[in-house]
J.: 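Sending over a structure as structure tokens; questions will come in a sec.
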Amino acid sequence: MTADPDTGPIGTVDWHTGGEPFRIVPVSPAVTGHGPTVAERRTAAMGDAGVQWTRTLLCGEPRGHADMYGAFLVPPDDAGAHLGALFWHKDGFSTACGHGTIALGAWAVATGLVPAPADGTTDVVIDVPSGRVTASVRTIGGRVADVTFVNVPGHVHARRIEVATSQRAVTVDIAFGGAMYAVLPAYRLGLRVRPQDITAIVAAGREIRDALNATHAAEHPEDPRLSGVYGTVFTEEAGAPVERPDGTWLLHHRNVTVFADGQVDRSPCGSGTAALVALLADTGELRLGDELRHESVVGSVFRARIERAITVHGRHAVVPAVTGTAYATGTSRFTVDPDDTLLPGFVLR
């Protein structure tokens, strides 16, 4: 994995979670030697021209597209996890990825990397830059039925931060769900969570992220590598809360998340959902035993709940659990022609 266009073929396995792509690179030799932890490997990868070249090759056109997402698999921090993952997108390496964690859990069980019974639940433990997460994979008849992603603790970072946009000033909340997210109802900008509003949502998401990061509004309380707004979550309620027979409540929201530099998450966004869980728990709208039905802009659904309450960094926090499904879409063997004048690739947006 070098910047040399004579590099050999690169094998990938492609999945999607709720419509959001996830390109798995099982063999990533150049990444494995960069530090003892996945968090340190991410930092090293960001400064490694060879690793960045390969990320661009696999993510950018003509092999990928502006909204492609994937991961290099690396060794875990220690024997307590099955694998490690460096998540990437067109602009670099992210600290967390819920939809990717769901896909990795399904892939690990479906391929036999982590043995699983024909019927039951198997935990796939994964080290990612934001910490150690678990993908609990439920199998029925030897097939993956769904995956529950148990995330690192999430917390509310800030409330009611005013941000100026080209349309109007809006207030947003900031929450941590493995990465920092700005969260606001779409109606505050006169928008809806629907495909026809995506262009305006992307523009607003970029403006909000850039404005908040310019003022350092999302500094992580302990690890600066986790600082900075990664995405903007535009939400709307999809129906009134429903009380269930056991006295718990079912909430129904939909969202679209704009992350990195204008990428649109087709899924309900796993780590963005985790950030919303922290916000709803903070207001008491989502309690232990309640469930959030979280719908994406393309209609796919995650189900989320509070696994447990916890205190981290002196703050009230919750461990969220997000359930979704992932499916294999194909395998690829990407090659490089040394005469190709467009190497390693480009993004036309």
Side-chain angles (χ1 to χ4, degrees), residues 1 10-15 17 22-48 50-52 54-55 58 69-89 92-117 121-139 144 147-154 176-179 220 222-226 230 270-271 274 307 310 312 319-322 324 326 328:
M1 186 176 293
I10 300 170
T12 70
V13 184
D14 281 15
W15 286 65
T17 306
F22 193 69
R23 177 163 286 167
I24 302 170
V25 188
V27 180
S28 311
V31 183
T32 59
H34 288 308
T37 69
V38 173
E40 289 169 310
R41 291 188 186 104
R42 172 179 176 263
T43 300
M46 290 189 294
D48 187 306
V51 176
Q52 292 281 24
T54 304
R55 176 191 60 77
L58 296 175
Y69 208 104
F72 297 130
L73 300 193
V74 297
D77 293 356
D78 56 53
H82 294 100
L83 58 112
L86 290 183
F87 301 122
W88 45 257
H89 46 76
F93 293 86
S94 57
T95 59
C97 179
H99 92 273
T101 300
I102 290 171
L104 284 172
W107 168 80
V109 167
T111 60
L113 178 69
V114 178
T121 300
T122 303
D123 286 347
V124 178
V125 183
I126 306 168
D127 283 333
V128 303
S130 59
R132 178 161 289 177
V133 299
T134 300
S136 294
V137 183
R138 188 168 65 96
T139 47
V144 174
V147 182
T148 297
F149 154 53
V150 181
N151 199 14
V152 298
F176 179 78
H220 191 272
E222 184 174 84
D223 189 342
R225 295 173 299 188
L226 302 176
Y230 171 59
S271 51
E307 177 85 356
I310 193 172
V312 292
V319 174
V322 180

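Below, each value reflects all heavy atoms present in this structure, side chains not excepted, and no hydrogens, waters or symmetry copies. Everything numeric in this text was worked out from a predicted model, so none of it was measured.
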J.: For P115 and T122, work out which heavy atoms get closest and say how close.
T.: O-CG2, 3.5 Å
J.: Can you tell if the side chain of P75 reaches within under 4.5 Å of the side chain of R41, non-hydrogen atoms only?
T.: yes
J.: Tell me the closest heavy-atom pair linking V38 and A85, and the distance in Å.
T.: CG1-O, 3.4 Å
J.: Give a yes or no on whether the backbone of G178 and the side-chain of T95 come within a donor-acceptor separation of less than 3.5 Å.
T.: yes
J.: Can you check whether V322's main-chain N or O pairs, donor with acceptor, with N151's side chain at less than 3.5 Å?
T.: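 Such a contact is absent between N151 side chain and V322 backbone.
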J.: Could you list the residues that satisfy side-chain hydrogen bond (donor to acceptor under 3.5 Å, both in side chains) with Y230, not counting sequence neighbours?
T.: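 Partners of Y230 by the side-chain hydrogen bond (donor to acceptor under 3.5 Å, both in side chains) criterion, ordered by chain and then number, come out as Y69.
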J.: Can you give me the closest heavy-atom contact between A116 and V109, atom names plus distance?
T.: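 Minimum heavy-atom separation between A116 and V109: CB-CG1, 3.6 Å.
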J.: List the steps, then state whether side-chain contact (heavy atoms from CB on, under 4.5 Å) holds for E40 with R225.
T.: CA-CA 10 Å; E40 289 169 310; R225 295 173 299 188; 3.9 Å; yes
J.: Mind running side-chain contact (heavy atoms from CB on, under 4.5 Å) on V152 and V128 for me, showing each step along the way?
T.: CA-CA 10 Å; V152 298; V128 303; 5.6 Å; no
J.: Show, in sequence, the C-alpha distance, side-chain angles and deciding distance for L113 and L83, and conclude whether the side-chain contact (heavy atoms from CB on, under 4.5 Å) test is met.
T.: CA-CA 10 Å; L113 178 69; L83 58 112; 3.9 Å; yes
J.: Please list all pairs passing the side-chain hydrogen bond (donor to acceptor under 3.5 Å, both in side chains) test where one or both residues lie in residues 105-117, with sequence neighbours left out.
T.: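 Passing the test, one end in residues 105-117: no pairs.
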J.: Using every non-hydrogen atom in the two residues, find where P129 and S94 come nearest and quote the distance to one decimal.
T.: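 The pair with the smallest heavy-atom distance is CG-O, 3.8 Å.
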J.: Tell me, please, which residues at least two apart from A81 pass side-chain contact (heavy atoms from CB on, under 4.5 Å).
T.: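 With sequence neighbours excluded, A81 shows a side-chain contact (heavy atoms from CB on, under 4.5 Å) to P76, V125, D127, R132, given in chain and number order.
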J.: Over all heavy atoms of both residues, which pair between T17 and A103 is shortest? Give the atoms and the distance, please.
T.: OG1-CB, 3.5 Å
J.: Any chance you could measure F22, atom CZ, to H99, atom NE2, to the nearest 0.5 Å?
T.: 6.0 Å
J.: With respect to I24, which candidate in D14, T12, L104 satisfies the side-chain contact (heavy atoms from CB on, under 4.5 Å) definition?
T.: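 When side-chain contact (heavy atoms from CB on, under 4.5 Å) is applied between I24 and each of D14, T12, L104, only L104 qualifies.
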J.: Are the side chain of T139 and the backbone of P117 linked by a donor-acceptor contact shorter than 3.5 Å?
T.: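 Yes.
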J.: F93 vs F72 aromatic rings, parallel, tilted or perpendicular, using cut-offs 30° and 60°?
T.: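 Tilted: the ring planes of F93 and F72 meet at 30° to 60°.
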J.: Of L86, L58, V74, T54, which is the lone residue that meets side-chain contact (heavy atoms from CB on, under 4.5 Å) with V25?
T.: L58
J.: Start with the C-alpha distance between W88 and R23, add both sets of side-chain angles, then the distance that settles side-chain contact (heavy atoms from CB on, under 4.5 Å), and finish with yes or no.
T.: CA-CA 9 Å; W88 45 257; R23 177 163 286 167; 4.1 Å; yes
J.: Looking only at atom types and distance, does a side-chain atom of Q52 sit under 3.5 Å from a main-chain N or O of M46, one as donor and one as acceptor?
T.: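 Yes, Q52 side chain to M46 backbone: donor-acceptor pair under 3.5 Å.
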J.: Taking all non-hydrogen atoms of both residues into account, name the closest pair between A106 and W15 and its distance.
T.: CB-CZ3, 3.6 Å
J.: Distance check, rounded to the nearest 0.5 Å: S130 atom OG versus H220 atom NE2?
T.: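 Output value for this atom pair is 9.0 Å.
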